[in-house]
Amino acid sequence: MSETINDFRNFLNPNRKIITFSPQKSLEEVLTILDAQLKCNEVIYSLVSDCNLDFCGVENEFKQVMFILINNAIDAIKLKIQENIIKKGEISIKLSCLDDKGILEISDNGGGIDDKIIESIFDPYVTTKSQSHSHGMGIGLYIAKNIIESRMKGSLSVENIQAGSCFRIYLALK
């Protein structure tokens with residue numbers, strides 16, 4: 001429990017120092033914070049790394065992006081479970097390298113994003129959450145894209161896959 005509290009305290013630290021950090025370690029810390037929520041909503045996850053990589057940036061901002069993306073996946077999965085469309089949720093997180101880029105993919109089986117809004121989900125105040133199920137403000141993905149693209153000089157995109165959606169981040173390797 002004390003490790004979770006320390007992880008959460010570090011997550012909220014306003015330190016904006018640019019450092020070299022391990023995205024795998026950062027993801028593990030975010031998953032520790034979200035562990036109870038994942039279990040409560042019957043979501044299993046996997047974290048796989050195909051290479052040893054480091055990113056350069058503000059680690060807590062990177063963690064905030066991971067928190068937003070994983071939390072959104074949990075919300076989508078929770079809705080599909082409530083609607084009896086799926087029995088269990090699955091989130092797959094994969095780190096890989098391609099030339100001088102690190103690639104992070106977060107995929108889920110939460111049903112995907114409506115084709116009518118998928119092109120605009122990174123715009124402010126566009127939400128994927130229906131008014132009857134959630135009070136999404138449509139700011140999380142906007143913040144996530146700004147952190148990745150403006151602060152870390154990478155790219156963030158999304159596509160629908162067979163069972164859900166896949167968010168893909170490209171960042172320069174240290």
Side-chain angles (χ1 to χ4, degrees), residues 1-8 10-11 20-57 59-114 118 121-122 128-129 134 136 140-141 143-145 147-148 152 154-174:
M1 183 63 143
S2 64
E3 185 177 324
T4 300
I5 292 168
N6 286 336
D7 287 345
F8 196 67
N10 290 336
F11 178 74
T20 300
F21 64 92
S22 162
Q24 181 165 346
K25 182 178 175 280
S26 297
L27 276 159
E28 289 167 355
E29 290 173 8
V30 169
L31 290 166
T32 297
I33 292 169
L34 291 173
D35 189 59
Q37 186 177 353
L38 289 160
K39 286 178 181 171
C40 178
N41 289 296
E42 300 183 58
V43 178
I44 58 171
Y45 67 87
S46 63
L47 173 56
V48 176
S49 181
D50 291 347
C51 60
N52 191 13
L53 60 142
D54 287 323
F55 292 153
C56 188
E59 185 177 17
N60 282 341
E61 290 181 356
F62 176 79
K63 288 179 183 179
Q64 182 176 356
V65 172
M66 296 305 99
F67 187 82
I68 290 167
L69 296 179
I70 295 168
N71 218 19
N72 282 357
I74 293 168
D75 287 347
I77 289 167
K78 185 167 49 174
L79 183 59
K80 295 303 175 197
I81 290 173
Q82 289 170 351
E83 294 173 346
N84 289 318
I85 295 172
I86 59 174
K87 297 224 183 282
K88 283 194 178 268
E90 297 176 12
I91 297 174
S92 170
I93 304 167
K94 182 180 178 188
L95 290 161
S96 58
C97 300
L98 179 65
D99 301 324
D100 61 343
K101 299 265 190 251
I103 305 167
L104 171 73
E105 296 176 324
I106 300 177
S107 305
D108 64 62
N109 67 335
I113 299 165
D114 188 331
I118 196 165
I121 63 163
F122 295 111
T128 60
K129 298 170 177 124
S134 179
L141 292 174
I143 290 169
K145 188 161 182 85
I147 289 171
I148 295 299
M152 298 185 74
S155 67
L156 171 60
S157 62
V158 65
E159 69 176 329
N160 283 325
I161 56 174
Q162 184 176 1
S165 60
C166 177
F167 285 83
R168 192 169 289 114
I169 295 172
Y170 289 89
L171 290 170
L173 293 175
K174 172 65 182 135

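Atom CG of residue Leu38 and atom CD1 of residue Ile33 lie 11.5 Å apart, to the nearest 0.5 angstrom. Rounded to the nearest 0.5 angstrom, Leu171 CG and Asp100 CG are separated by 11.5 Å. Atom-to-atom distance recorded for Lys87:NZ and Glu42:CD is 10.0 Å, nearest 0.5 angstrom. Considering CD1 of Ile103 and CG of Leu98, their distance stands at 4.5 Å, rounded to 0.5 Å. A distance of 12.0 Å separates CD of Gln162 from OG of Ser107, quoted to the nearest 0.5 Å. The line from CD1 of Ile113 to SG of Cys166 is 10.0 Å long, rounded to the nearest 0.5 Å.
Between Leu141 and Leu69, the closest side-chain pair of non-hydrogen atoms falls below 4.5 Å. A 4.5 Å side-chain heavy-atom check between Gln37 and Leu34 finds at least one atom pair inside the cut-off. Side-chain atoms of Leu79 and Ile81, non-hydrogen and from C-beta on, never get closer than 4.5 Å to each other. Inter-residue side-chain proximity for Met66 and Leu104 is flagged as met; some heavy-atom pair is nearer than 4.5 Å. Within the 4.5 Å cutoff, the side chain of Phe122 has heavy atoms near those of the Val158 side chain. Annotation: side chain of Asp50 is in contact with side chain of Lys94 (closest heavy-atom distance under 4.5 Å). Taking the side chain as every heavy atom from C-beta outward, Val43 and Ile77 approach each other to under 4.5 Å. Using a 4.5 Å heavy-atom cutoff, the side chains of Leu95 and Leu27 are in contact.
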Chi angles and distances behind the side-chain contact (heavy atoms from CB on, under 4.5 Å) call for Ile70, Tyr45: CA-CA 10 Å; Ile70 295 168; Tyr45 67 87; over 6 Å; no
Full working for side-chain contact (heavy atoms from CB on, under 4.5 Å) between Val65 and Ile143: CA-CA 8 Å; Val65 172; Ile143 290 169; over 6 Å; no
Side chain to side chain donor-acceptor pair (under 3.5 Å) evaluation trace for Gln24 with Asn52: CA-CA 9 Å; Gln24 181 165 346; Asn52 191 13; over 6 Å; no
Ile91/Ile74 under side-chain contact (heavy atoms from CB on, under 4.5 Å): CA gap, chis, key distance, verdict: CA-CA 8 Å; Ile91 297 174; Ile74 293 168; 4.0 Å; yes
Working for side-chain contact (heavy atoms from CB on, under 4.5 Å), residues Leu173 and Cys97: CA-CA 8 Å; Leu173 293 175; Cys97 300; 4.2 Å; yes
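The one candidate from Ile68, Ile93, Ile121 that meets the side-chain contact (heavy atoms from CB on, under 4.5 Å) condition with Phe167 is Ile121.
The nearest pair of heavy atoms linking Ser26 to Phe21 is OG-CD1, 3.5 Å. Asp108 and Ala73 get closest at one heavy-atom pair: OD2-CB, 3.6 Å. Considering every non-hydrogen atom in both Cys51 and Ser49, the closest pair reads O-OG, 2.7 Å.
Between the side chain of Ser165 and the main chain of Ile161, no donor-acceptor pair closer than 3.5 Å is present. Of the possible polar contacts, one joining the Lys145 side chain to the Leu156 backbone as a donor-acceptor pair under 3.5 Å is found. Of the possible donor and acceptor atoms, none in the side chain of Asn71 sits under 3.5 Å from a partner among the backbone N and O of Phe67. Panel note: side chain Asp99, backbone Lys101; no donor-acceptor pair is recorded below 3.5 Å. Asn109 contributes no side-chain N or O that, together with a main-chain N or O of Gly164, makes up a donor-acceptor pair within less than 3.5 Å.
Between Phe55 and Phe62, the ring planes lie perpendicular to each other; the angle is over 60°, past the 30° to 60° tilted range.
Ion pairing between a basic and an acidic side chain is recognised when a charged N comes within 4.0 Å of a carboxylate O; Lys80 and Glu83 show such pairing.
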